[in-house]
Amino acid sequence: MATRSLLLLPGDGIGPEAMAEVDKLIALLNERRGAGFETRTRLVGGAAIDAEGAPVSDETMALAMSCDAVLFGAVGGPKWDGVPYELRPEAGLLRLRKDLALFANLRPAICYPALADASSLKRHLVEGLDILILRELTGGVYFGEPKEIVDLGGGQKRGVDTQVYETYEIERIARAAFEAARTRRNRVTSMEKRNVMKTGVLWNEVVSRVHRDEYPDVALDHMLADAGGMKLVQAPKQFDVIVTDNLFGDMLSDIAAMLTGSLGMLPSASLGSPDETTGKRRAMYEPVHGSAPDIAGQGIANPIAMIASFAMCLRYSFAMVAEADALEASIAHVLESGTRTGDIMVEGASKVGTAEMGDAIAAAFAERLG
Ligand code: NAD
């Protein structure tokens, strides 16, 4: 039996509630398919600050480096608003992304027909939507130096963040985007702000060159990121794959989230480069949403983003394509049947909590696994 090692980092707020629903699916795969998943669970974010004094411990980082994949819940919450900046819960997430060198963040935005009415846009604009946003994850303004607040005296301070991109960083995310497009509708839209940012000029230049030299078969267009935001809400179905930097990707993927009805529906995968000897990619899977302190502890969070993140894990880390398809079909089936958490509730549907939604998906999944 193959052993597949998973590190589970549930985190804070609704993170542990959502992760509990993935545990059920892992148990099913081990039982029904002899999948051989071995899991270890560790703290991250605020929970790790409280118990271990840091948002991610060195021991947890070592496990993250050695396992096949990491499943991450969510971190943060008002309890840790006052902790020093370097120790804030999100620093744990940023360290994981940086140390695992996860440079490509894949965020699908898929609108299940059963949920088209939960979107803030009209049904005809979103029904059948299927976009993949590739966000560069380890560079740009979240990491660039200098990054500081300087006291200028006289009650004045200066806050500085630095946007930096080098050629290789743009090349590898561009390649990931063109390769993803080849498995989809063969179209990439690159978004930056070349009109006002030097990094935008370089981004545009490098993406164009990679396209010309290596992927001329894929259609490429360029769009300013602000115009891209407008187009995403005006006519989102025009896009196939969108590739963009860390900051714009953070915002544009949240806009895309709302097209699908709820942040509670959106999974993501973060991938590194393949290892030169083993060919294995480091990878982390996490919902797009945060720790949702406003609903944490009430058992009402939507676990689908977390479950769909696990489906991406089956697909990209373990090549368990049939199982990933079955899990995604199970989600669609449960939604079709009118089972809804509060965030995607519509008239006439039956409202359930986190565990009931997880159970319904697990039951549908078990049926498909046979
Ligand atoms: P959030 O995503 O936690 O919540 C935004 C809104 O969406 C809230 O009203 C919440 O109730 C709702 N929501 C989110 N996920 C849901 C789900 N699964 N089911 C039902 N409703 C859901 O964003 P926020 O409120 O801006 O941030 C809360 C905390 O999370 C902050 O501390 C923030 O820093 C942190 N955060 C963490 C991550 C992460 O861990 N990756 C991402 C974003 C925000």
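Every number for a ligand or one of its atoms is a count from 1 in the order of the listing. Along the sequence shown, the residues carry numbers beginning at 1.
Evaluated by nearest non-hydrogen atom to atom 20 (C) of ligand 1, the leading choice among Asp343, Ile344, Ile304, Asp254 is Asp343.
Each of Arg4, Arg281, Lys280 was checked for a salt bridge (Lys or Arg N to Asp or Glu O under 4.0 Å) with Asp68, and the lone residue meeting it is Lys280. Of the residues listed (Arg187, Arg182, Arg184), the one engaging Asp240 in a salt bridge (Lys or Arg N to Asp or Glu O under 4.0 Å) is Arg184, and it is the only one.
For ligand 1, the atoms sitting less than 4.0 Å from at least one non-hydrogen atom of Leu93 are 39 (C), 41 (N), numbered in the order shown with element in parentheses. Heavy-atom contacts of Ala74 reach the following atoms of ligand 1: 40 (O) (cutoff under 4.0 Å). Counting the atoms of ligand 1 from 1 in the order shown, those under 4.0 Å from a heavy atom of Gly76 are 32 (O). Of all the atoms in ligand 1, the ones that sit under 4.0 Å from a non-hydrogen atom of Glu90 are 32 (O), 33 (C), 34 (O), 35 (C). Remark: ligand 1 atoms within the under-4.0 Å shell around heavy atoms of Leu263 are 2 (O), 5 (C), 7 (O). Those atoms of ligand 1 that come under 4.0 Å of a heavy atom in Ala301, given as number and element, are 19 (N). In summary, the atoms of ligand 1 found under 4.0 Å from a heavy atom of Gly264, numbered by their order in the structure, are 17 (C), 18 (N). Listed by number with element, the atoms of ligand 1 under 4.0 Å from a non-hydrogen atom of Ile14 are 15 (N), 16 (C), 17 (C), 18 (N).
Protein heavy atom in closest approach to atom 29 (C) of ligand 1: Ser291 OG, 3.3 Å. Annotation: atom 13 (N) of ligand 1 to nearest protein heavy atom, Ala292 CB, 4.1 Å. In terms of protein heavy-atom proximity, atom 14 (C) of ligand 1 is nearest to His289 CB, 3.7 Å. For atom 42 (C) of ligand 1, the closest non-hydrogen atom on the protein side is Gly290 CA, 3.5 Å. Closest protein heavy atom to atom 21 (N) of ligand 1: Ile295 CD1, 3.6 Å. Annotation: atom 19 (N) of ligand 1 to nearest protein heavy atom, Asn302 N, 2.9 Å. What sits closest to atom 27 (O) of ligand 1 on the protein, heavy atoms only, is Pro293 CD, 4.7 Å. Considering only non-hydrogen protein atoms, atom 35 (C) of ligand 1 sits nearest to Val75 O, 3.2 Å.
Within a 6.0 Å radius of CD1 in Ile149, no more than 12 heavy atoms belonging to other residues, nucleotides or ligands are found.
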Test side chain to side chain contact (heavy atoms under 4.5 Å, CB included) on Tyr316 and Val321 and set out the steps. CA-CA 8 Å; Tyr316 293 112; Val321 175; over 6 Å; no
Derivation of the ring-ring contact (aromatic ring centres under 6.0 Å, His included) call for Phe37 and Phe318: CA-CA 11 Å; Phe37 279 113; Phe318 300 109; 5.3 Å; yes
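Here the side chains of Lys157 and Glu148 are not in contact, with every heavy-atom distance at 4.5 Å or above. Looking at Phe143 and Asn246, their side chains come closer than 4.5 Å, going by heavy atoms from C-beta outward.
Here the straight-line distance linking atom CD1 of Ile304 with atom OG1 of Thr341 works out to 6.0 Å at 0.5 Å rounding.
Backbone and side-chain nitrogen or oxygen atoms of Val288 are examined, and none is located within less than 3.5 angstrom of a nitrogen or oxygen of ligand 1. The shortest N/O to N/O separation between Phe72 and ligand 1 does not fall below 3.5 Å.
There is a protein heavy atom closer than 4.0 angstrom to atom 8 (C) of ligand 1. Atom 1 (P) of ligand 1 is approached by the protein to below 4.0 angstrom, counting heavy atoms only. For atom 25 (O) of ligand 1, the protein comes within 4.0 Å by no heavy atom at all.
Note: Phe178 and Tyr215 have parallel aromatic rings, judged against thresholds of 30 and 60 degrees for the angle between ring planes.
Relative to the ring axis of Phe103, Arg172 places its NZ or CZ within 45° and under 6.0 Å from the centre. Taking the centre and axis of the six-membered ring of Phe239, the NZ or CZ atom of Lys231 falls outside the cone set by 45° and 6.0 Å. The side-chain tip of Arg88 points at the ring of Tyr85 from less than 6.0 angstrom away and within 45° of straight on.
Looking at Glu356, its side chain does come within 3.5 Å of a backbone N or O of Gly353 through a donor-acceptor pair. Looking only at distances, a side-chain donor or acceptor of Asp12 sits under 3.5 Å from a matching main-chain atom of Ala47.
Contact annotation for Glu286 and ligand 1: only side-chain heavy atoms (C-beta onward) come within less than 4.0 Å of the ligand.
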